[in-house]
Every structure is written in C-alpha cells, then in structure tokens.
Amino acid sequence: MHALPFSGLALGLALLGAQEPPGDATAPVVPTPPGVILIVADGLGTSHEEFLRLVDGPLAADALPELALVRTSTAVEVVSDSAAGATAMATGVRTRNGSVGVDEAGADLLTVAEWAKRHGRRVGFVTTSYIVDATPAAFYGARRDRDEKLQLARELFEFRPDLLFGGGEQYFLPAGRTGRFGTGERGDRRNLLREFRAAGYHVVERPLPGPLPMVGLFAEDDLEGTASDPVTLPAMARAALAAVEHDPRGFFLLIEQEGTDTASHARSPARLLETLRVWNQTVALAREVQQRRPNTVLIVTADHESGGVSLIDNGACGFLSIAARRYQSREGQPFCVQFTTRAHTAAPVPLHAAGIEIPRGVILNTDVHTLLKSALE
C-alpha cells in the first residue's frame with residue numbers, strides 16, 4: 001500500500017472507496033477498515049536499538065519506511081515516567097508524572113482507544129506488565145495516581161475492550177479469593193473476571209486468536225515477556241493480531257514490551273539483550289500483518305528512555321559504571337554496553353512507522369496521538 005499523509009488519510013480513504021474495480025463497473029469497492037498497531041517498548045532509546053543491531057544485525061523496525069525522534073518531556077517535568085509518556089500518546093495532552101488519562105489539573109481526557117471504540121473499531125491491549133500498569137492504563141483509565149490499580153481494573157472492565165492479554169490477576173479478584181496465580185486484592189469484593197464472563201467474554205488461560213471478546217491474565221503481577229517465560233510477548237501478539245486482522249470493523253491494538261524498562265532499571269545488559277530480541281520478534285510479526293492487510297498502520301516507539309544506555313569503546317568498559325559488559329559485534333568488533341543511571345532520562349526516543357507518512361526530524365510525544373487518530377479516521 002502507499003502511505004498516506006496523516007493529515008489527508010481520511011480523504012485518501014474516501015477516494016479509494018470511490019474507485020471502481022477493473023472489469024466490473026457495477027460492484028462498489030468497500031475500503032478495508034482502518035487498522036492501527038501501536039507497539040510501545042517501555043524505556044527504549046536509540047542506544048538500546050543500536051545495541052541489538054550491533055549484536056544481531058538489522059532490526060525489524062529498520063524495514064519500516066518512516067522514522068523520527070520523539071521528545072518525551074511532560075507538562076511540568078523534563079524527564080517523563082510511563083504514565084505521563086503514555087498519556088501524551090493516548091490523548092494528545094501532556095500531563096504530569098504519575099497521572100494517566102487526565103491533564104495536569106486532573107480533568108479526564110478522551111483517549112484514542114476510547115475514540116476508536118466509539119466509532120466501532122475493535123480495541124485490544126497486550127502487555128508483558130500487569131494490565132493496569134501505566135502504559136495500557138493511559139489508554140482506558142483516568143486517574144491522578146497510576147498506582148490506583150484496583151480502581152483502574154474497575155475502569156478497564158467498564159471500558160469493555162475486545163481483547164486483554166497481560167498480567168495482574170490479583171487486581172481483578174476479591175481479597176482472599178485464590179486465583180490461578182495468587183490471591184486477590186479487591187476490598188470491594190468484586191470478582192471482575194466473573195463479571196467479564198457474565199458480560200460474554202471468553203476468559204482464557206493461554207493466548208488464543210479468538211473469538212472475541214477475550215480476556216487472558218497470565219500472571220499474578222507482570223509477565224516480563226522474555227523467551228524463558230511460559231507466555232511470551234510474541235505469543236500474545238500473534239494471537240491478538242490473528243483475532244483482529246480480518247475483523248470488518250477495523251481495530252486499534254496496543255502492544256507493550258515492559259521488559260526493556262525493567263532491564264534498564266536493573267542495569268542488566270544481558271537481560272536487556274534478551275528482552276530486545278523478544279521486542280524485535282514482535283515487531284516482525286506486526287510488520288507481516290501490516291504488509292498483507294490494506295489500510296493498516298504500524299507505529300513502533302517508546303514512552304521515554306531508561307538507563308542512559310551508552311555504547312562505548314571496549315577499553316573504557318566499566319570506567320564510569322560497574323553496570324557494564326563487553327560484547328562483540330557481528331563483524332567481530334569489541335564494544336562495551338553500560339548504563340549511566342537506574343532512572344529514566346530525557347533522551348529522545350525513536351519512532352518507526354509504516355502505512356502512514358510522518359513528520360521527519362524531531363516531533364513531540366503528543367504528535368504520536370495525532371498520527372494514531374488520523375490513521376483511525
């Protein structure tokens with residue numbers, strides 16, 4: 001497909017729908033409904049990506065034709081957390097750290113997922129974290145405090161997405177109630193998994209490609225989707241993509257890799273490499289869907305950078321930090337990976353895209369919302 005500029009996507013679709021198929025002047029062309037896949041690697045920076053390139057070669061994201069850098073600061077802070085970073089992408093409004101789905105004064109904001117649902121699109125959330133963590137919560141919830149996990153679980157039920165894959169079973173079960181992975185924490189005694197079933201949802205124990213609506217909570221808290229876990233991010237992404245790819249309504253699907261952030265906070269190069277490989281596999285799966293399904297947009301980005309990852313000369317390895325490790329590139333050249341902090345940084349993050357034209361150069365995190373909304377329209 002030819003990428004459409006985000007300011008003219010709706011017009012392009014209208015023109016597409018007006019065309020007549022060759023050989024049949026009477027049959028109208030029905031445009032494929034919009035599909036939008038947003039992959040967020042929490043904490044991913046440009047040095048994270050280059051680390052994987054050096055070791056494994058070109059990334060799946062490198063094949064996407066559009067590229068920009070995204071500034072991630074909040075309304076009031078230079079360095080963003082996941083809550084504010086995801087809210088900017090979800091709503092187009094910058095907020096303060098710790099808040100999801102609300103502006104800096106605490107007023108509720110309309111998210112792109114809510115817009116998609118109102119306009120008949122399928123909506124799904126996939127994460128290797130718990131499903132009420134900051135990044136997915138920013139797309140369906142509205143709380144000043146991202147740590148209000150029990151309230152966010154209730155808001156998620158009220159939102160009624162078509163698909164949920166992730167962790168966090170404990171936040172959906174009553175206090176004292178034993179689930180598959182642990183004991184519930186809800187003081188209001190509500191069993192939200194039972195309520196999902198009563199509302200017609202399939203509650204699954206493994207990621208499956210359908211039928212919708214479907215809920216799968218695969219851990220008590222987070223999954224950390226690395227290759228050694230029983231439920232991986234690629235497995236969840238593959239099932240979710242299969243469930244929505246051919247749906248006549250179109251869709252918005254958020255896929256989050258939490259492990260890039262966790263490994264960076266832990267300052268573990270080995271763990272980071274593993275989780276980057278999982279992320280790369282997931283991007284490749286999404287790219288396959290985007291290429292074979294007309295009118296589908298794929299955006300791959302991050303909410304902020306974590307760890308201050310540096311790729312330095314092998315001889316200086318460990319000079320500034322004990323969180324360092326030597327590696328060798330595919331060409332046999334030695335280099336060193338080290339972290340300059342356990343915290344987040346204000347470094348711009350990469351944005352890769354296919355199926356839509358994006359502004360080149362440096363953009364704002366709120367511009368990601370503009371891209372998402374334009375694609376869905």
Between the side chain of Ser73 and the main-chain N/O of Val78, is any donor-acceptor distance below 3.5 Å? yes

Would you check if Phe181 and Glu169 make a side-chain contact, meaning some heavy-atom pair closer than 4.5 Å? yes

With a 4.0 Å cut-off, would you call Glu158 and Arg154 a salt bridge? yes

Given the options Tyr140, Phe172, Phe196, Phe157 meets ring-ring contact (aromatic ring centres under 6.0 Å, His included) only with Phe196

Salt bridge between Arg277 and Asp56, side-chain N to carboxylate O under 4.0 Å? yes

Please determine if Asp133 and Lys149 form a salt bridge, counting it only when a charged side-chain N lies under 4.0 Å from a carboxylate O. no

Distance check, rounded to the nearest 0.5 Å: Leu276 atom CG versus Leu59 atom CG? 8.5 Å

Main-chain N/O of Ala84 paired to Asn97 side chain as donor or acceptor, under 3.5 Å: no

Residue pairs involving residues 176-185 (criterion side-chain hydrogen bond (donor to acceptor under 3.5 Å, both in side chains); sequence neighbours excluded): none

Measuring from atom CG of Leu298 to atom CG of Leu64, what distance do you get when rounded to the nearest 0.5 angstrom? 5.0 Å

Would a distance-only check, ignoring hydrogens and angles, find a side-chain to backbone donor-acceptor pair under 3.5 Å from Thr127 to Ile131? no

Do the charged groups of Arg146 and Asp81 touch, with an N to O distance under 4.0 Å? yes

Decide side chain to side chain donor-acceptor pair (under 3.5 Å) for Glu256 and Thr135; before the verdict, give the C-alpha distance in whole Å, the side-chain angles of both, and the deciding distance to 0.1 Å. CA-CA 8 Å; Glu256 183 200 17; Thr135 298; 3.1 Å; yes

In Å, rounded to the nearest 0.5 Å, how long is the span from NE2 of His48 to CG of Asp261? 8.0 Å

Evaluate the side-chain contact (heavy atoms from CB on, under 4.5 Å) criterion for residues Leu193 and Leu173: first the C-alpha distance (whole Å), next the side-chain angles of each, then the deciding distance (0.1 Å), finally the verdict. CA-CA 7 Å; Leu193 285 182; Leu173 296 177; 4.0 Å; yes

Please test Val215 against His202 for side-chain contact (heavy atoms from CB on, under 4.5 Å), starting from the C-alpha separation and ending with a verdict. CA-CA 6 Å; Val215 174; His202 303 273; over 6 Å; no

Show the numbers, then the answer: is there a side-chain contact (heavy atoms from CB on, under 4.5 Å) between Phe339 and Leu272? CA-CA 11 Å; Phe339 299 87; Leu272 177 60; 3.9 Å; yes

Please confirm whether Phe159 and Phe139 have ring centers closer than 6.0 angstrom. no

Atom CG in Leu69, atom CG in Leu364: separation rounded to 0.5 Å? 12.0 Å

With the side chain counted from C-beta on, respond yes when Ser310 and Phe51 share a heavy-atom pair under 4.5 Å apart, and no when they do not. no

In terms of side-chain heavy atoms, does Ser82 have a donor or acceptor partner in His304 at a distance below 3.5 Å? yes

Would you call Glu148 and Arg143 a salt bridge, using N to O less than 4.0 angstrom? yes

Scan side-chain atoms only and decide if Asn365 and Arg71 contain a donor-acceptor pair under the 3.5 Å cut-off. no

Do Glu305 and Thr345 have side-chain N/O donor and acceptor atoms under 3.5 Å apart? yes

How far does CG of Leu223 sit from OG of Ser129, to the nearest 0.5 angstrom? 8.5 Å

Backbone N/O of Thr32 and side chain of Asn295: donor-acceptor pair under 3.5 Å: yes

In terms of hydrophobic clusters joined by side-chain contacts under 4.5 Å, are Leu109 and Leu371 together? no

For a 4.5 angstrom cut-off between non-hydrogen side-chain atoms, does Ile39 reach Ile299? no

Any donor and acceptor pair, going by atom type alone, linking the side chain of Thr91 with main-chain N or O of Ala88 inside 3.5 Å? no

Under 3.5 Å, is there a donor-acceptor pair linking the side chains of Ser268 and Arg271? no

Distance-only donor-acceptor check, side chains Glu49 and His352, under 3.5 Å: yes

Tell me whether the count of non-hydrogen atoms from other residues, nucleotides or ligands lying under 6.0 Å of CZ in Arg292 goes above 12. yes

N-O pairing of Arg94 and Glu104 below 4.0 Å: no

Test of understanding: clusters of I, L, V, M, F, W, Y form through side-chain heavy atoms closer than 4.5 Å, transitively. Do Leu67 and Ile37 belong to the same one? no

Could you give the distance from CD1 (Ile312) to CZ (Phe335), rounded to the nearest 0.5 Å? 11.0 Å

So if you build clusters from Ile, Leu, Val, Met, Phe, Trp, Tyr with side-chain heavy-atom gaps below 4.5 Å, do Val55 and Val278 land together? yes

So does Arg53 have more than 12 non-hydrogen atoms from other groups sitting under 6.0 Å from CZ? yes

Checking the side chain of Gln291 only, and the main-chain atoms of Glu288 only, is there a donor and an acceptor separated by less than 3.5 Å? no

Determine whether a donor-acceptor pair (N or O, by modelled atom type, separation under 3.5 Å) exists between the side chain of Thr74 and the backbone of Glu77. yes

Would the distance check show the side chain of Arg189 and the main-chain N or O of Ala175 forming a donor-acceptor pair, the cut-off being under 3.5 Å? yes

Passes side-chain contact (heavy atoms from CB on, under 4.5 Å), Leu163 versus Leu212? Steps please. CA-CA 7 Å; Leu163 183 143; Leu212 300 176; 3.8 Å; yes

For Gly101, is there any backbone N or O sitting under 3.5 Å from a side-chain donor or acceptor partner on Thr87? yes

Would you say Glu258 and Thr128 are linked by a side-chain donor-acceptor pair, where the criterion is simply a distance under 3.5 Å? no

Those residues that, when tested against Asp162, pass salt bridge (Lys or Arg N to Asp or Glu O under 4.0 Å) (two or more places apart): Arg122

Donor-acceptor pair between Thr72 and His344 side chains, under 3.5 angstrom: no

Any side-chain to backbone donor/acceptor pair from Lys373 onto Ala90? Under 3.5 Å, distance only. no

Does a donor on one side chain sit under 3.5 Å from an acceptor on the other, for Tyr171 and Asp221? yes

Determine whether Leu110 and Val368 fall in the same hydrophobic cluster, where Ile, Leu, Val, Met, Phe, Trp and Tyr are linked whenever their side-chain heavy atoms lie under 4.5 Å apart. yes

